[in-house]
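Accompanying notes for the structure given below.
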Number of protein chains: 2
Amino acid sequence: MLSHKAKYALKALLYLAQQEETHVSRTIEIAEAATIPKKFLEQILLDLKRGHFVGSKQGKFGGYYLLKPKNDITLADIHRLFDGAIALLPCASLNFYERCSDCVDESECLLRHGLITIREETLKAMEGITIASLVKK
Amino acid sequence: MLSHKAKYALKALLYLAQQEETHVSRTIEIAEAATIPKKFLEQILLDLKRGHFVGSKQGKFGGYYLLKPKNDITLADIHRLFDGAIALLPCASLNFYERCSDCVDESECLLRHGLITIREETLKAMEGITIASLVKK
DNA sequence: TTAAACTCTACTAATTTTATAGAATTAATT
DNA sequence: AATTAATTCTATAAAATTAGTAGAGTTTAA
C-alpha cells in the first residue's frame, strides 16, 4: 500500500497538473483543494522539489509548479521517492537492492526469482501510469 | 514490500512443499532449515493454519504439513493473509475496500482509476506465482 | 519595512512490526 | 500413570515507522 505521503504527493501533483502552465500554486491552496494537512504537505512538496518533480518560487506570491512534463512523472517515480522499492523484497529490487539478513545463499533462494518476475511486471504497469494519464482520466 | 512475516511464511511453505507428502515437519525443523526465529514462526504457522494453508498434528511427533495443493497457494494469498490488500490504496482494493479518509468524492478521484489498473495487473502477476511454481524454480 | 510565502530542524504521538516469554493443551511412548 | 515432545494461546516488550505538529529562519514583492 502507498503511504499517506505518497498519496498526498500524487494528489498534489495532480492538482498542479490541472493548473495553467504559468500559474504557481501556494501550499495552502493545494492543501485545501486536495484536503491534505498543510504542514505535512510542506514537507512533501520539499521532497518533490528535491526529486526535481516540482519547482518553487520563494517569497511573496511564491509557490510551486510542475518542473517535469506531466507524462514524465510516473507512479513508479513517486513510489520510489516516498515509499522506496517497488519489489516485494530488497533482494529483488533494482534501485534499492540489499541482501536479506536471513538469506544463506541468494543464488539458491527459491523466492527471489518469482519476486523478480513480479517486480518486472508491476514496474512496467506503474511506469505506464503518469500524471498525464491520470489527469486525462 | 513484504513484511518479514509474509516472507517467513513463504519460506516455511516452500520448505513444507519440498518434503515428502506423508512427512510432518516440526516447527524447530522448519525454523532451522529456513533461518526463521522459532517463536516467531510458531505464530506464523498458526496464522497459516487458520488460513487453511497448512494442517497440524498435535502432541509428540506432531508438526505441520501442507493442506492445499502446491499450485493452489499463490503469492497473492499469502500477501493478503499477512500484509493485507494488494492494491496501493484501500479504495482500489477488492478484498480490503475502504474509503480514503481524505476523499471528498470517490467518483471524482483521478487517482483511483489508475490504481485499480495497477491492482488488476499486479494481482494477475501475483496469482501466477504459486508455491509449486517457486519450487520448480 | 511589512506581508506572505517557502525552507529547515526538531520533536511527538500513535501505530505497526518483530519478536519473546511462559503457561496450557495434546498425544505418543514407556 | 508418568514422561516427553510437540502444538496452542495470551500477554508483553522493544524497535522502527508513520503521520503529523511546532516554530524559527529565509526569501521576495510591494
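To find a chain, count down the sequence lines: A is the first, B the second, and so on, and within it residues start at 1.
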Open item on the list: Can you work out whether B:E42 or B:D83 has the more 5'-proximal nearest nucleotide on DNA chain C?
Closed with: B:D83

- [ ] Give A:F82 one of three labels, base, sugar-phosphate or nothing, depending on what nucleic acid heavy atoms sit under 4.0 Å from its own.
- [x] nothing

Task: Side chain B:E108, main chain B:V104, donor-acceptor under 3.5 Å - done: no

- [ ] Report the distance from atom NE2 of A:H79 to atom CG of A:N95, rounding to the nearest 0.5 Å.
- [x] 12.0 Å

Open item on the list: Pick the closest DNA chain D nucleotide for B:K38 and for A:P37 by heavy atoms, then say which residue is nearer the 5' end.
Closed with: B:K38

Task: Atom pair distance, as rounded to whole Å: CZ in B:F40 and P in C:dA19 - done: 5 Å

TODO: Answer with yes or no whether the side chains of B:N71 and B:T130 bring together a donor and an acceptor at under 3.5 Å.
DONE: no

TODO: Answer with yes or no whether the side chains of B:T35 and A:D102 bring together a donor and an acceptor at under 3.5 Å.
DONE: no

- [ ] Write down the distance between CG (A:D47) and C1' (C:dC6), rounded to a whole number of angstrom.
- [x] 14 Å

Open item on the list: Categorize B:G59 for me: base, sugar-phosphate, or nothing, with a 4.0 angstrom heavy-atom threshold over every strand shown.
Closed with: base

Task: Among C:dA19, C:dG22, C:dT7, the one nearest B:K39 by side-chain distance - done: C:dG22

Open item on the list: B:I78 vs B:I131, test: side chain to side chain contact (heavy atoms under 4.5 Å, CB included). Steps then yes/no.
Closed with: CA-CA 10 Å; B:I78 302 307; B:I131 296 301; 5.6 Å; no

Open item on the list: Tell me the closest heavy-atom pair linking B:A87 and A:M1, and the distance in Å.
Closed with: O-SD, 3.0 Å

Open item on the list: Under 4.0 Å from a heavy atom of chain B: give me the 5'-most and 3'-most nucleotides of DNA chain D that qualify.
Closed with: D:dT4 to D:dA11

Task: Whole-Å distance separating the CG atom of B:L41 from the P atom of C:dA19 - done: 12 Å

Open item on the list: What is the separation between atom CD1 on B:I28 and atom P on C:dT20, rounded to the nearest whole Å?
Closed with: 12 Å

Open item on the list: side chain to side chain contact (heavy atoms under 4.5 Å, CB included), that's the test. Do A:L88 and A:R119 meet it? Break it down for me.
Closed with: CA-CA 7 Å; A:L88 290 173; A:R119 183 256 292 156; over 6 Å; no

- [ ] Would you check if A:I129 and A:T74 make a side-chain contact, meaning some heavy-atom pair closer than 4.5 Å?
- [x] no

Task: Residue whose nearest DNA chain D nucleotide is more 5′ - A:Q58 or A:L2 - done: A:L2

Task: NZ on A:K49 to CG on A:D47, rounded to 0.5 Å - done: 12.0 Å

Task: Side-chain donor-acceptor pair present, B:E29, B:Y15, cut-off under 3.5 Å - done: yes

Open item on the list: Between C1' on C:dT17 and CD1 on B:I44, what's the gap in Å once rounded to a whole number?
Closed with: 11 Å

- [ ] Ignoring backbone atoms, establish whether A:T27 has a side-chain N or O less than 4.0 Å from OP1 or OP2 of C:dA5.
- [x] no

- [ ] Mind calculating the distance between CD1 (B:I36) and C1' (C:dT20) to the nearest angstrom?
- [x] 16 Å

Pull out every protein N or O sitting under 3.5 Å from an N or O of nucleotides 9-11 of chain C, one pair per line with the distance.
from, atom 1, to, atom 2, distance (Å)
C:dA10, N6, A:Q43, NE2, 3.2

Task: Whole-Å distance separating the CZ atom of A:F61 from the P atom of C:dT2 - done: 18 Å

TODO: For C:dT7, take OP1 and OP2 only and decide whether either is under 4.0 Å from a side-chain N or O of A:Y64.
DONE: yes

- [ ] Report the distance from atom NE2 of B:H4 to atom C1' of C:dT16, rounded to the nearest whole Å.
- [x] 13 Å

